[in-house]
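Only a predicted model underlies this, so the values are computations on that prediction, with no experimental measurement involved. Quick note on labels: first sequence line is chain A, next is B, and so on, each numbered from 1.
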Number of protein chains: 2
Amino acid sequence: MVDQQLVTKGTTGKLRRPKLTPVSQVACTKCGLSRLCLPATMDSPQLKTFEKIVHKTRPLQNGDHLFRVADDFTDIYAVRSGCFKTYVVDAAGREQVLGFHLAGELLGLDAIYQSVHVSNATALGTSSVCKLQYDEVTTLSQQMPELQNHMFHLLSRRISDLSAAAADHTADERMAAFLLSLASRFKARGYSSKEFNLAMSRSDIANYLRLATETVSRVLARFQKKGLIKVDRKLVQLLDKDALCKAAGTAAW
Amino acid sequence: MVDQQLVTKGTTGKLRRPKLTPVSQVACTKCGLSRLCLPATMDSPQLKTFEKIVHKTRPLQNGDHLFRVADDFTDIYAVRSGCFKTYVVDAAGREQVLGFHLAGELLGLDAIYQSVHVSNATALGTSSVCKLQYDEVTTLSQQMPELQNHMFHLLSRRISDLSAAAADHTADERMAAFLLSLASRFKARGYSSKEFNLAMSRSDIANYLRLATETVSRVLARFQKKGLIKVDRKLVQLLDKDALCKAAGTAAW
DNA sequence: CGGTATTTTGACTATGATCAATTATAGTGG
DNA sequence: CCACTATAATTGATCATAGTCAAAATACCG
């Protein structure tokens, strides 16, 4: 694999990461929770109240678990930095990746109705979260319609996303849709939507997309040959988004 | 893997074992809403208040649409009788069935965050629903913690179900799991869990399970030959649930 | 009944999985 | 800094599950 121009040959991916631009006016000072996981309509005093139930935690290292199946459910987590993967292990011991969660996204929502975690969450690289005690969230939601509403929206959105992901698509479509999804989420966070690092391994991607690792490799190679993307290890550049959208079988992103 | 920290003194008085939310004795007199879609802890006066926001509608005929993509989202629907299917149509015109919804189950939850429907819902056979104006639900949730909690639970449960359905399984596993899911839902509604009618066509089932219609036919035939089930047209009898569970790759239901 | 829908069955095919081998990459300790 | 190892990613060859195409059988409905 001959790659001529690497802006920086990566001992660390951090150096070359596109700069962050602040997204929201309001932000939780305590943990940097951006607008992405906060109600848009919160004013200052509300924010202050809200901050009281947000608890910082120390960062997790690659592979560390945030929670596991059957753990007591007491807290919701908001990703502060890094990336987490959630997964389950079925009766036959096969792992199934349920999702990847970037900064500003919530973890553990599937545990609410059973008061027990039904999935595992593990850090991909050094990552951190904010902790929100669930009963404090519900209590506060009683007083703050905006928060209640926001919770409904977040849950609804996850339902919608999962529905979309459940659809029947070819390997190429799924891969293209996956890359575009990452792009749009990075963009929403102020990062480049054309170039980003994959926090997860090929086999995690494969598992998430219900493909074999080899297929992921091949599809990426094929996309590259067709000029849709450029891949170098973890770094992905989207060269032709329109074509990618077409490959994904979706309207423009 | 599975921790043994199951001995936890409760921080709250809540049940925390993996089981369904407790069911209530009460039922909405107005539309027959069963305990399945009502908060378990509602008492009589609360129920009366709740009933005020429940609106009966006239039954729909087979194929009638309850809502379509891009329709304004104003109401949540609770299935009163019959069965509904929700689906989307992708850019290429392919239909994707998202789910089947039996009495007591809610419809339209994926529309909350966009205030617009993102899926279509159509009746399978003559079916009816109750209508709940969404902003009345949220307003009432502010005053009734039980209702808010119930909404969170329902949304969380749907997330959990969708996650499970998204997993990568063989045709046999998916079919077995599908039959068992129906069985358990019928049982929860007081119907037989061993014998029931399929409200949906083979091709709807196939689409939902991401299989070809022909494959559904073949799998059902295979199951019958192996003595797991008996199928006659729409009527299904589960003859050997244990074997079905094994075929589904799940623990007993 | 007669005509249309749906379902089933059979033959063949293709997409993506599996198996196997090779090449990169990241970590570790001398 | 460089072997040395373990892990991850890629590439090739072959296989199998489920899809597609085609046709027959069965159910549905006026």
Return all side-chain donor-acceptor pairs below 3.5 angstrom for residues 117-126 of chain B, not counting sequence neighbours, or 'none' if the list is empty.
| unit_1 | atom_1 | unit_2 | atom_2 | d |
| --- | --- | --- | --- | --- |
| B/S119 | OG | B/D110 | OD2 | 3.0 |
| B/N120 | OD1 | B/V69 | N | 2.9 |
| B/N120 | ND2 | B/Y87 | O | 3.0 |
| B/T122 | OG1 | B/G63 | O | 3.0 |
| B/T122 | OG1 | B/D64 | O | 3.2 |
| B/T126 | OG1 | B/Q61 | OE1 | 3.1 |

- Message: Going by salt bridge (Lys or Arg N to Asp or Glu O under 4.0 Å), name the pairs with one or both residues in residues 163-183 of chain B, residues two or more places apart or in two chains.
- Response: A/R94-B/E173, B/D172-B/R222
- Query: Whole Å only: how far is the CG atom of B/L220 from the P atom of D/dA18?
  - Reply: 14 Å
- Separation of atom CE in B/M175 from atom C1' in D/dG19, rounded to whole Å: 17 Å
- Task: Identify, residue by residue, the members of residues 161-170 of chain B with a heavy atom below 4.0 Å from DNA chain C, and return them in order of residue number, or none.
- Result: none
- Note on the structure: Per the under-4.0 Å heavy-atom filter, residues of residues 202-215 of chain B near DNA chain C come out as B/R202, B/S203, B/E214
- Query: For A/D161, which residues count as a salt bridge (Lys or Arg N to Asp or Glu O under 4.0 Å) partner, sequence neighbours excluded?
  - Reply: A/R157
- Note on the structure: For B/T57, the side-chain hydrogen bond (donor to acceptor under 3.5 Å, both in side chains) test, sequence neighbours excluded, returns none
- With sequence neighbours left out, what residues match B/S193 under side-chain hydrogen bond (donor to acceptor under 3.5 Å, both in side chains)? B/K241
- Message: Between B/S127 and B/S81, is the side chain to side chain donor-acceptor pair (under 3.5 Å) condition met? List the steps.
- Response: CA-CA 5 Å; B/S127 305; B/S81 67; 5.9 Å; no
- Note on the structure: In whole angstroms, the gap separating P of D/dA16 from CG of B/D172 amounts to 16 Å
- Note on the structure: Judged by nearest nucleotide, the residue sitting upstream toward the 5' end of DNA chain D, B/R222 or B/R233, is B/R222
- Task: Classify the angle between the aromatic ring planes of B/F67 and B/Y77 as parallel (below 30°), tilted (30 to 60°) or perpendicular (above 60°).
- Result: parallel
- Query: Quick one: bend of the helix from C/dT6-D/dA25 to C/dG30-D/dC1 from 5 pairs per end, to 10°?
  - Reply: 50°
- Message: Once salt bridge (Lys or Arg N to Asp or Glu O under 4.0 Å) is applied, what residue pairs with a partner in residues 212-221 of chain B remain, sequence neighbours excluded?
- Response: none
- Query: So, is A/K234 near the phosphate of D/dA9, with a side-chain N or O under 4.0 Å from OP1 or OP2?
  - Reply: yes
- Could you list the residues that satisfy side-chain hydrogen bond (donor to acceptor under 3.5 Å, both in side chains) with A/S203, not counting sequence neighbours? A/S201
- Looking only at side-chain atoms of A/R218, point me to the closest of C/dT6, D/dG19, D/dT11. D/dT11
- Query: Under a 90° cut-off about 0 for the syn range, is C/dA5 syn or anti?
  - Reply: syn
- Sequence-distant partners of B/Y208, ring-ring contact (aromatic ring centres under 6.0 Å, His included), two or more places apart: B/F100, B/F178
Residues 223-231 of chain B side chain polar contacts: donor-acceptor under 3.5 Å, at least two apart:
| unit_1 | atom_1 | unit_2 | atom_2 | d |
| --- | --- | --- | --- | --- |
| B/Q224 | OE1 | B/V231 | N | 2.8 |

- Can you tell me how far C1' of C/dT15 sits from CZ of A/R174, to the nearest Å? 11 Å
